[in-house]
Every structure is written in structure tokens, then in C-alpha cells.
J.: 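Have a look at the structure that comes next, please.
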Amino acid sequence: MTEEFEPKIVAFLCKWCSSAGSDLAGVSRMEYPSNVIPIQVLCSGSVSPLYILSAFNKGADGVLVSGCHPGDCHYIKGNYYSRRRIALLKELLNFIGLEPERFKMSWVSAAEGTKYTEVIKEFVDELKPLGAQTKLRRNG
Amino acid sequence: MVALEDLKQEAKNVLEGGTVKYIIGYKKPAVGFMAVPAFFHKPEDLDALVWDPTCVHNLVLFLKDEKKKKLGQKEPDERPVGIVVKGCDSRAVNVLLQENYIDRENVYILGVSCGKTGMVDLKKVRKYFKGKIISQIDFNENESFTVTTTEGKVEVPAADIFAVRCTECITASPVIHDVLLGGDSVRTPENPFGSLEEMESKSQGQKWDFWQEQLTKCIRCYACRSICPMCYCDECVVDTINFAVYPDTPAEEKAQKIKWVEKSPTTSENFIYHMVRAIHLAGRCVDCAECERACPMDIPLRFLNKKLEKESKKLFDYDVGYDTEIPSLISSFRDEDPEDFIR
Amino acid sequence: MKKKRIGVFICHCGTNIAGTVDVKKVAEALSKHDGVVHSEDYVYMCSDPGQKRIVEAIKENDLDKVVVSCCSPNLHESTFRNAVKEADKNAFQCEIANIREQCSWVHPNMEEGTDKAIKITKTVVEKVKHNEELEPISVPVTRRALVIGGGISGIQAALDIANSGHEVILVEKSPSIGGHMIQLSETFPTLDCSQCILTPKMVEVSKHEKIKLLTYSEVQEVSGYVGNFKAKILKKPTYVDPDLCTLCDECTKVCPVVVESEFELGLTGRRAIYIPFPQAIPATYILDDTGCPGLLPIACGKCADVCDPGAIDFDQKPEIVEEEIGVIVVATGYDLYDKTNMGEYGYGKIPDVMDGLQFERLCSASGPTNGKIIRPSDLKEPKELVFIQCAGSRDPELHCAYCSKICCMYTSKHAMLYKHHVHDGQAYVFYIDIRSGGKGYEEFVQRTVENDGVLYLRGKVSKVFQDGDKVKVWGVDTLAGKDIEIDADLVVLAMAMRPSEGTEKLAKILKMSLDKDGFFSEAHPKLKPVESVSAGMFIAGAAQAPKDIPEAVAQASGAAAKAIGILSQERLYHSPMVAKVNKHLCTGCRMCVDVCAYDAISIKDGIAEVNEVLCEGCGTCSATCLRAAISVKNSTPYQVHEMINASLGG
């Protein structure tokens with residue numbers, strides 16, 4: 001029996017919404033796959049495209065950026081800048097031939113523990129058939 | 001069409017009168033036929049000034065050097081620099097103005113219109129004339145060039161030896177200038193992003209194979225970065241070696257050198273380097289395609305930038321280098337920016 | 001440079017963490033991590049002995065940085081930072097790794113949970129390794145408050161703050177304070193006369209030496225930060241000098257214009273020059289320039305002709321008042337759900353269908369009918385009266401999803417008042433549920449049912465339409481399982497409560513966030529119900545969610561207490577995790593200036609400069625900067641880079 005591929009995922013979660021939403025999932029004891037290592041950032045607006053490229057470069061099979069819903073940003077509008085920047089990066093990654101499933105953005109509010117678990121479950125399910133990400137991985 | 005004599009006269013007027021300290025333009029090369037950048041300090045030097053379809057260089061690059069030179073001088077000459085710019089190059093001037101890298105008073109812009117054609121592609125010319133010795137290429141009133149070889153003059157349809165970017169050009173005339181030569185010519189290409197379509201129609205696997213083949217060739221000579229007028233950072237974020245240390249740099253910071261990208265030209269590192277470059281040029285690249293021309297490995301770098309130019313237009317209705325007063329692409333947003341990709 | 005000495009402390013949290021994470025293994029793995037010189041686990045790190053262990057370990061092992069792997073940093077970050085401070089280390093040298101909410105509670109498999117806990121902890125170790133020592137930024141406090149909204153909540157908050165000795169600017173957009181409460185007839189569950197209990201507070205406001213009252217005024221611009229806000233307030237012209245006006249009422253007698261009275265909710269009219277209601281504060285007439293036939297040039301001028309004291313000044317202009325304040329209390333209240341949304345109940349089309357607030361005016365002794373309950377169409381006394389609850393509330397498909405909370409109680413009060421006025425009348429109430437939680441509330445509803453014979457029908461109304469001089473109501477009684485048809489004389493809708501008009505605009509001005517229903521968002525639904533997420537801005541009353549009077553008053557006093565908490569400080573402390581510019585790399589492109597939501601960045605001599613007091617540390621500037629010339633302290637790209645590496649096991 002071959003062991004099922006377990007993707008490694010880096011998730012940039014904003015402190016106020018998505019990290020709090022993930023905390024709520026915990027408080028509510030919602031089970032989800034353990035493939036994601038969260039990195040708390042203050043705002044999705046602080047996630048530089050370099051962070052995402054670097055995560056792939058260091059061997060991530062998938063990268064998630066999650067922030068507050070539009071209009072709910074703790075810092076008023078950081079998520080709007082993030083949305084624009086990430087749309088561009090997503091197009092670029094797609095253009096060079098990386099599987100589009102590998103890079104995801106989501107809006108998860110502090111009240112959306114359920115949504116957070118759904119996002120993670122879906123992401124893991126989508127990544128499993130793709131196998132390891134070697135295209136951008138250093139020495140890959 | 002620009003009359004070279006008019007351009008020379010305009011240049012002479014400002015140089016003689018001392019309005020500008022020098023003029024950046026083009027002259028004939030010592031060898032070959034492709035014009036080269038030239039710096040004209042004296043009015044009499046201007047006899048060598050040329051303007052023809054081989055003036056491919058984006059001279060705005062040299063405004064970087066000018067700025068850096070001035071920063072190092074105690075009492076710099078505050079007069080503007082005269083510069084010959086094409087339509088595309090003029091938008092580069094605008095981006096530098098938008099980013100407050102230069103002030104409008106720093107430049108005296110001699111705008112030249114490309115008329116109905118544009119710049120030739122050296123590789124296409126060589127292929128077309130297989131080994132013939134070319135001495136001169138000239139604009140025509142129609143969509144063709146006149147090429148002078150040792151065997152005489154021939155008229156060549158522009159499409160045969162034209163740079164691809166010029167077929168997609170929408171600014172044949174400078175959008176900012178102090179004098180404009182050759183009139184205001186409007187260009188409405190059928191498909192300003194047509195060259196991308198073949199790439200876009202490929203499968204993810206084919207795209208990857210294409211770029212893997214191309215970017216594996218990269219030797220990381222950084223010619224693309226050096227020739228780019230937008231790459232004006234003193235230090236590039238992808239470099240870890242030349243992060244300068246200043247007397248006031250704290251010890252902690254000296255130790256913190258981020259290796260976003262390894263120096264070694266391996267495939268993965270080349271990808272990261274070129275993607276960082278493309279992302280940093282989003283909303284700033286004016287498609288002068290100098291990176292691609294300078295690339296010794298013939299990597300079609302223009303595609304990466306053109307793709308983001310296309311998406312900026314499609315997703316955010318952002319045009320690069322027209323309005324110097326608006327915030328940049330990535331320092332602005334609209335409430336209605338698309339988010340269908342967000343879960 | 002001295003090698004960093006990091007201590008790692010793994011909390012069991014009883015079995016909350018240790019149940020699914022092998023904490024010994026995590027401590028063991030971390031002890032081998034670069035820079036970690038001490039690693040231990042303990043059953044409850046947050047307990048007093050747990051905190052002592054940290055202090056002792058710092059001293060024994062000469063630690064200069066600490067990571068505590070435990071619950072979410074939202075819970076115990078300050079606990080552990082204080083412990084680190086107790087050991088004479090900088091509080092910002094302590095970071096929390098969340099291995100409970102984001103790990104042990106969601107991953108029942110011990111092997112997976114342990115592996116993830118190790119990675120999470122290593123990631124945070126890499127962050128703390130490069131943390132700077134920081135001290136909170138101190139700023140002075142302007143010891144004055146701005147209260148926005150002059151209803152019961154705003155009045156209460158203003159009085160509480162003023163009585164603590166601090167100055168208050170109370171801004172109200174309509175000509176008088178009093179809000180919706182002054183429109184009410186009686187109040188549940190005691191049937192106190194609303195005006196009788198509110199007007200003393202209104203008078204107190206007008207006489208209070210610490211309160212500056214700005215009515216007919218709107219906040220237009222707010223800048224600054226907690227302790228140091230600046231507000232621009234637009235004072236609209238009233239064309240009447242309140243100091244000269246003697247309330248003689250001569251002007252209204254000559255005014256030729258009649259428009260709908262806002263105070264009487266259209267049940268009667270008023271003149272273009274008017275006093276909103278007799279007890280209005282400030283006690284003065286005002287001229288409504290939209291109703292007046294013309295001021296430029298003066299078309300009529302009769303009011304000025306008859307004004308003996310010469311109080312009328314047609315040349316008054318809008319005025320901008322600028323105020324410096326330290327805190328802001330938002331008490332902008334509610335409005336009823338717009339009647340145009342309620343077509344199915346005939347509201348706005350059938351004259352004898354009205355909302356609860358209009359019914360209050362009908363019952364009020366000072367109302368347009370002097371307290372006689374008569375219906376608008378023919379001024380006859382209604383003998384059959386139908387109340388419909390949840391008109392617009394609890395209807396996620398078509399209207400508002402939430403419960404407006406006060407309607408069960410006021411409908412019960414309305415039915416009771418009706419029976420007190422019309423002894424031979426019959427009142428029917430259509431309801432979904434009766435929600436009467438509150439002191440004396442359930443007893444009040446029972447009294448309505450038992451003593452006043454009001455018929456409660458559990459079910460929704462499907463249609464309301466005019467049938468001759470009757471208003472036909474089709475509904476269903478789900479308890480009896482019967483269709484119900486009532487020939488009503490008057491129908492009263494318990495309309496949903498909505499955030500008051502202009503809430504959205506004010507939220508933009510204050511940079512405060514709204515919830516999905518458009519009410520102001522509190523910072524935490526349970527633990528911070530009066531705070532907003534913006535420091536120094538508090539919420540009181542129905543601006544936050546539907547509320548009755550006692551709740552609004554309680555929240556207003558709560559908000560006032562929080563405001564006083566700030567105003568009584570000499571100085572405030574602000575997070576030092578703010579943006580910092582590397583001036584060698586900055587080219588002055590202004591992109592960071594463009595994206596900063598707090599106007600904290602400016603360009604000085606061609607280089608970005610951060611106002612540390614304004615900066616909230618979001619880091620959007622850092623991600624925007626192409627030159628890596630700006631970053632947030634203790635959240636630098638270098639730190640994130642190292643964290644990414646550690647998270648991937650590198």
C-alpha cells in the first residue's frame with residue numbers, strides 16, 4: 001500500500017479575522033486536516049507576493065492567504081490592496097504553468113470557524129491529486 | 001513623419017540657449033546600422049544626431065544615471081536634461097514622474113512620433129536580409145521601411161521586420177513632451193495583447209514546459225534589470241550580496257540578509273527571480289521590451305510583463321504611464337475589483 | 001553579536017493540549033532547535049506556578065527570549081509578556097505559539113497534532129529570535145469627549161462623562177435632543193410617561209456646565225487617534241437666535257407653509273418655522289430652509305416681521321466647528337425599517353396601517369390627537385385593532401434576519417394602552433414567539449393577555465388589504481390550525497429596527513466597521529460590547545443592535561465608563577509595533593503614503609517618514625513597497641522569511 005500524499009500548506013492568516021476564525025474552529029472542536037501551518041500576520045494587506053513565492057520556493061505544496069471580508073478589515077482597507085496584488089500574482093503563476101489550485105485566497109471572518117475548516121478541507125482535497133510541488137521548489 | 005533636420009534644430013535651440021545641460025539622443029554606430037545612445041554636450045555635436053527605425057533604445061534609462069550622478073554632486077547643475085523619447089518611452093517618463101523619481105523640471109522632452117510604423121527587430125532584419133550588409137534603415141510615409149544595403153535601396157513591408165511590441169503599440173506618439181516632432185499619430189491595433197494568445201491557450205503543462213525551457217537558460221547576468229528604466233532601486237530585493245551596509249546600519253540588520261532567491265542560476269531560482277521582477281513591474285512596465293532585447297539568452301521576457309499589463313487593464317482598467325497624478329496600480333484599488341477567485 | 005538564548009515553554013492545558021499533542025516530544029524537539037537553550041513542559045503555564053517557572057527559567061538560564069506554546073495569543077499573550085517583564089526582560093521578547101485552538105483541539109490524531117505543534121512552535125521561535133526590544137509609545141490625552149447622537153443613549157453617556165468632570169461635546173443632527181424616546185407615550189414594563197422621565201435629563205444636559213450641545217449639527221470629518229482626535233462638525237443654520245427667541249409662537253401663526261411634522265411622523269403638519277415639540281432642547285424655534293418659500297432672496301419674511309425680540313436672522317450661514325477630543329461615543333440609534341419595504345402589509349398605501357412609533361404618538365397625551373386613539377382615514381375610534389409583530393424582522397429571505405428585540409414588549413404595551421383608551425375595543429396580536437426576557441417583562445405580557453383580554457394569535461399574516469372602510473387581515477393561527485380573517489379598523493406594524501439613517505456615512509468618517517446588518521460592530525461580542533475595534537471609539541445604544549431603554553442606558557453608562565477610563569489618564573500607551581523606514585532604500589515613490597489608511601506616512605525631503613503615533617502597524621505599506629524600504633517592527637519580511645522556512649521544516 002502506498003502512503004497517501006500529504007501536502008504541506010503554508011497559510012498566512014490575518015490576526016483579526018482569519019486567525020480568530022481559525023481559533024473559533026478550535027474552540028468549537030471542528031476537526032480538519034493538519035496539513036496547514038498557520039503564520040499569523042497583522043493584515044492580509046501585509047502579505048507581500050515575495051512571501052508567497054518564497055513559500056513555494058521553500059517547498060510548500062500549497063499557499064493560502066486569508067483575510068477579512070471586504071469592508072470588515074480591522075485596518076479599514078488592507079484586504080482591498082491584498083486582493084489586487086494577489087489577483088496579479090495568481091495570473092502570473094497561472095501563466096508560467098503552476099497549477100492554479102496550489103494558490104488560494106479566502107475571506108474568513110472571526111465568526112466563520114466553519115468556513116475556515118471547509119477552506120482547509122477543500123484545499124487539502126484539491127492538492128492531494130497534484131502531488132508534491134517541485135516546479136518552484138529550491139533544488140526541486 | 002519626423003524631419004531629422006527639425007529635430008536637430010529643436011535640439012540645437014535648447015542646447016545653444018543653455019536651456020538644457022546636455023541632450024540624450026541617438027547616433028550612428030561605429031559598426032553596423034543600429035543606432036546607439038549618444039550624449040550631446042555641444043551644439044556642433046548634434047550633426048551626428050539621428051532618428052530612424054533602429055533607435056530601439058529606451059533612453060529614459062539614462063535618467064537613472066543622471067539622478068544618481070546629481071545626488072553625488074555638491075552643487076549640481078540644476079538645468080534639465082534634454083532627451084529624445086518615443087511614444088513608449090514617454091510613458092516611462094510618466095511612470096518616473098508618478099513615482100516622484102524625477103521632477104518634470106528635470107527633463108526637457110523632445111518627443112518623436114513613430115508615425116505609422118515603429119522600431120525594427122534586429123533579428124528579423126538579419127533573417128530577412130541573410131548576410132547582406134545594411135547601412136541604413138529609414139521610415140516611410142506608409143507602413144513600410146526603406147532599407148539601404150550595399151546592393152541599393154529596397155522597400156520592405158513593415159510587418160516583415162517590425163518589432164512585435166510595435167504591432168501592439170497604442171502610443172505611437174509621446175504622451176508627454178516639450179516639443180513634439182512628427183505630429184500626433186493615433187494607433188489602434190486590432191489586438192493590443194495578441195502576442196499573448198498562443199501562450200494563454202496552452203495547457204498548464206505546456207506552459208510550464210515552455211517557461212522551464214526558457215528560464216533554465218537564464219544565466220542571471222541581470223542585463224534585463226540593468227537596462228530597465230523602472231529598475232531604479234539602489235538595491236534589488238532579490239540580491240542578498242549587495243545589500244549595502246551604512247555607518248548607521250545596526251548589527252542586527254547587517255545579519256538579516258534575506259535570501260528570497262539564491263544566486264545560483266538554477267531553474268527554481270530563475271523562476272522566482274523573473275516572477276519577482278514581473279510582479280514589481282506590474283503597473284509600471286511600458287513594454288519598451290528592452291529587457292528582452294538585452295537578454296543574451298533570447299528569453300522572451302516581454303511576455304511576463306505584457307501578461308500583467310493585460311491583466312491590469314482587464315481586471316482593474318489600469319493604463320500604465322498616462323496619468324502621473326493617480327496612485328500606482330498596486331497602491332490603489334476599486335471597490336469593484338474582481339474577487340471571483342477568492343473563496 | 002551574542003548568540004540568542006531562547007526558552008520554550010509547552011503548556012499541557014490539562015488535557016486540552018496534552019490530550020492530543022505529545023508535549024514531552026514537542027519540548028524535546030524544540031530543545032534541539034537552533035538558539036533554544038531551555039525547553040520544558042508544564043501542566044498549566046498560565047497558572048501562578050507556571051508563570052513563576054518562566055521567571056525562574058529566564059534567570060537560571062540567562063534567557064533573553066521566550067516562546068510559550070499554549071492557547072491563542074488573544075488569551076494569554078499579556079499574561080506571559082508580564083511574566084517576562086517580571087524577570088527584567090523586555091515584554092516584546094515573548095511570543096505565543098498557538099498549539100491549542102489551531103492544533104490540539106482540531107487534530108485528534110496524536111502523531112499529526114504533535115508534528116504540527118512542533119512546526120508551529122519552531123515557526124514562532126524563528127519570529128522571536130529576531131524581535132527587537134520595544135517600549136510602548138506614549139501620547140498625551142485631550143481630556144474631552146465627543147458624543148454623537150442625542151437620544152437617550154447619547155444623553156446618558158454625555159451626562160455620565162460630564163459628571164466625572166470631563167468636558168463633553170454632544171452632537172445631534174436634528175433640532176432637539178431626545179431621540180426616539182421623546183416620541184414615546186409610555187414605557188414598558190412600568191408605564192412611566194416617557195417624556196416625564198426623559199425631560200429632566202434633557203434639561204440637565206442643557207444646563208450642564210461641562211456639556212457643549214451642538215444640535216442641528218453633523219460630524220463631517222474626524223482625524224487623529226485615541227486620546228487625540230480632531231473633529232469637524234457642521235452646524236446647520238436655524239435662522240433663529242436661541243438666546244433671543246421667547247417661544248411666543250407668533251411666527252408660526254403667520255408662516256404660510258405647512259409640511260409634514262417629523263416629530264409627529266406625518267400624523268399632522270407643522271409650519272416652516274417651528275419648534276419640534278414643546279419641551280425641545282435647546283428651547284427655540286427654528287426655520288427649516290427646505291420648507292421656507294425662499295431665503296435667497298427672501299420670498300416671504302412674515303415671521304421676521306412679527307418677531308418682537310428680533311430673533312430671526314435670515315443671514316445665518318452653515319458653520320464648521322472644530323473640536324479636539326480624546327474619545328468618541330457613537331450613540332446614533334435606530335430608525336424603523338422603511339415602509340416601502342412592507343408592501344405586503346399595505347403599509348404606505350392603506351391609510352389605516354401604521355407603524356409602532358406612529359401609534360405611540362396616537363397614544364401620547366401631547367400627540368396630535370391629545371391622546372385619543374382615532375384612525376387616520378376617518379378619525380373614528382377603532383374597535384378592532386390588529387398588531388402584527390416581526391414586520392420585517394426574523395425574515396432572512398425578504399427582510400432583516402435578526403430579531404428587533406423590543407417589539408414583543410412594546411406591542412404588548414400598545415395593546416394594553418389601547419384597551420385603557422378604548423374599553424370596548426378588541427386587540428389582536430399576531431406573533432411568531434413572545435420574547436419577554438427582562439425584569440418584570442413576562443409579567444407585563446401576562447397582564448396584557450389576562451387583564452386586558454388581548455387575543456394573541458401565533459402565526460404570520462399573509463395579506464392586509466382595504467375592504468370598504470375596513471382593513472382586512474388574513475392570517476393563520478398555527479396553534480389552533482385555523483385560517484384567521486379579521487375586519488380590522490386599524491393595523492399597527494411592529495416594524496424592524498434598522499441602524500439610523502446616515503450610519504454608513506458616519507462609519508466611513510470614523511473609520512469604524514459595521515456588521516452585516518449595518519449596525520456598528522463591537523470589538524468582541526461578549527467581552528467588549530461597548531468598545532469598537534478602533535481605539536478610543538465606543539458604541540452605545542441601538543447603534544450597536546436593537547435595544548430597549550434600560551439596555552441602552554446601561555450600555556451608555558458602560559461606554560461612558562470606558563471613555564472616562566481613557567480621559568482620566570495623563571498619557572496613553574500605543575503599540576510600538578509600527579512601521580519603520582530604511583532611509584537608504586526609500587526613493588520617495590509615495591506608494592506607502594497612498595495605501596496607509598491612517599495618514600501615518602508622509603514624505604520629508606524625498607523620503608518616507610512614519611508618524612509612530614498614527615501608525616497601527618498593519619504592514620500594508622511593507623507589502624506594497626517595491627524596495628523593501630519600510631517594514632513593521634517585530635513583523636519584518638526577514639522574520640516572515642524565517643518563519644516560512646521553519647513552517648516547512650527547513
Side-chain angles (χ1 to χ4, degrees), chain B residues 64 67-68 70-71 95-103 106 225 228 230-240 242-261 272 276-285 324-333 335, chain C residues 1-4 35 64-65 93 126-127 129-134 504 508 580-597 601-608 620-631 633-645 650:
Chain B
K64 290 200 296 193
K67 167 143 179 167
K68 284 175 186 163
K70 251 169 87 173
L71 282 174
V95 175
L96 293 183
L97 288 170
Q98 184 183 16
E99 296 177 1
N100 301 297
Y101 189 71
I102 56 169
D103 292 329
N106 297 154
R225 187 170 83 185
C228 179
M230 296 308 150
C231 277
Y232 59 73
C233 297
D234 279 342
E235 299 173 15
C236 179
V237 290
V238 303
D239 286 338
T240 44
N242 72 347
F243 253 90
V245 171
Y246 300 88
D248 60 347
T249 309
E252 183 76 10
E253 224 164 84
K254 282 182 205 162
Q256 297 185 2
K257 295 289 171 240
I258 315 176
K259 274 193 184 173
W260 294 119
V261 183
I272 303 292
V276 170
R277 217 181 95 78
I279 276 287
H280 277 191
L281 286 169
R284 307 172 66 232
C285 172
T324 60
E325 298 303 314
I326 57 167
S328 302
L329 173 73
I330 57 157
S331 64
S332 57
F333 68 86
D335 285 344
Chain C
M1 207 167 32
K2 185 177 154 249
K3 186 117 169 98
K4 299 282 177 277
D64 40 27
K65 286 157 190 286
Q93 298 298 1
E126 286 306 314
K127 177 182 197 306
K129 202 182 262 182
H130 308 289
N131 265 8
E132 281 181 64
E133 295 195 352
L134 299 173
E504 212 171 317
K508 283 220 168 84
K580 181 173 95 171
V581 177
N582 179 335
K583 62 182 197 306
H584 301 297
L585 299 182
C586 178
T587 63
C589 75
R590 297 188 66 87
M591 287 192 199
C592 54
V593 179
D594 292 337
V595 298
C596 182
I601 312 175
S602 54
I603 301 290
K604 287 260 162 61
D605 301 326
I607 303 283
T620 300
C621 52
S622 164
T624 306
C625 183
L626 301 174
R627 308 167 220 298
I630 191 164
S631 63
K633 291 176 186 172
N634 288 0
S635 192
T636 62
Y638 183 67
Q639 286 178 297
V640 177
H641 174 268
E642 297 298 296
M643 289 170 83
I644 295 169
N645 219 356

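Naming: A, B, ... by sequence-line order, numbering from 1 per chain.
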J.: Kindly give the heavy-atom pair with the smallest separation between B/Ser331 and C/Val595, and that separation in Å.
T.: CA-CG1, 3.5 Å

J.: Who pairs with C/Ala608 by side-chain contact (heavy atoms from CB on, under 4.5 Å), at least two apart in sequence or on another chain?
T.: C/Val581, C/Cys586, C/Cys592, C/Ile601, C/Ile603

J.: Nearest 0.5 Å, what's the CG-SG distance between C/Leu585 and B/Cys233?
T.: 8.0 Å

J.: How about C/Lys508: does its NZ atom have over 12 heavy atoms from other parts shown lying under 6.0 Å from it?
T.: no

J.: Among residues at least two apart in sequence or on other chains, which ones pass side-chain contact (heavy atoms from CB on, under 4.5 Å) with C/Ser631?
T.: C/Ser622, C/Thr636, C/Pro637

J.: Count the heavy atoms belonging to other residues, nucleotides or ligands that lie under 6.0 Å from CG of C/Asp605, then report whether that count exceeds 12.
T.: no

J.: Between atom CE of B/Met230 and atom CG of C/Leu626, what is the distance when rounded to the nearest 0.5 Å?
T.: 11.5 Å

J.: Of all the heavy-atom pairs spanning C/Cys589 and B/Asn100, show the shortest one and how long it is.
T.: O-ND2, 3.8 Å

J.: Return the minimal non-hydrogen interatomic distance between B/Val237 and C/Ala628, and the atom names on each side.
T.: CG1-CB, 3.6 Å

J.: To the closest 0.5 Å, what do you measure between CE (C/Met591) and CD1 (B/Ile330)?
T.: 5.0 Å

